[in-house]
Amino acid sequence: MKLDVYGKRFLVERDGEQWCTYLLGADGKRSPFPVAIPDNLHENELAQYFDDLFHEASTPQKPNVVRLT
C-alpha cells in the first residue's frame, strides 16, 4: 500500500508476519524507513497509525494522511 504522509510518500508492505516501510523518492526509488508497526495491525488501520505517529508534520496544505493505493 502507498501512503501520502503529509507530503512524503511511503510504501508499506507485508513481509511474512511483519510490516516493512519504505520512503519513496521522486525518482521512484525506495529506501527502507524504520517504523515500528505492530504485526497485528490490519491494512485498513495503517493510515490512522501513520497519522498518529507523524501528526506533528501536518500543515494547512497537507492536513491528512492519504491512502494512494
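From a predicted model like this one, the values you see are computed outputs, not experimental measurements.
- Two residues are said to be in side-chain contact when any heavy atoms from C-beta on lie closer than 4.5 Å; V35 and W19 fail this criterion.
- No side-chain heavy atom of M1 sits less than 4.5 Å from a side-chain heavy atom of L11.
- Among residue pairs with one or both ends in residues 28-43, those qualifying as side-chain hydrogen bond (donor to acceptor under 3.5 Å, both in side chains) are E13-R30, E43-R67; sequence neighbours excluded.
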Audit row: L46, I37, side chain to side chain contact (heavy atoms under 4.5 Å, CB included) steps and yes/no: CA-CA 9 Å; L46 288 172; I37 302 173; 4.0 Å; yes
Side chain to side chain contact (heavy atoms under 4.5 Å, CB included) between L24 and K8, worked out: CA-CA 8 Å; L24 296 175; K8 292 189 179 194; over 6 Å; no
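- Formation of a donor-acceptor pair under 3.5 Å by the T69 side chain with backbone atoms of K2 is found in this model.
- Contact annotation: the side chain of Y49 approaches that of P38 to within less than 4.5 Å [non-hydrogen atoms, C-beta and beyond].
- Contact annotation: the side chain of D4 never approaches that of V65 to less than 4.5 Å [non-hydrogen atoms, C-beta and beyond].
- For Y22, there are no ring pair (Phe, Tyr, Trp, His ring centres under 6.0 Å) partners, not counting sequence neighbours.
- Sorted by first and then second residue, the ring pair (Phe, Tyr, Trp, His ring centres under 6.0 Å) pairs involving residues 50-69 (not counting sequence neighbours) are F10-F50, F50-F54.
- Going from atom CG of D51 over to atom OH of Y6 covers 3.0 Å, rounded to the nearest 0.5 Å.
- No side-chain heavy atom of L68 sits under 4.5 Å from any side-chain heavy atom of L3.
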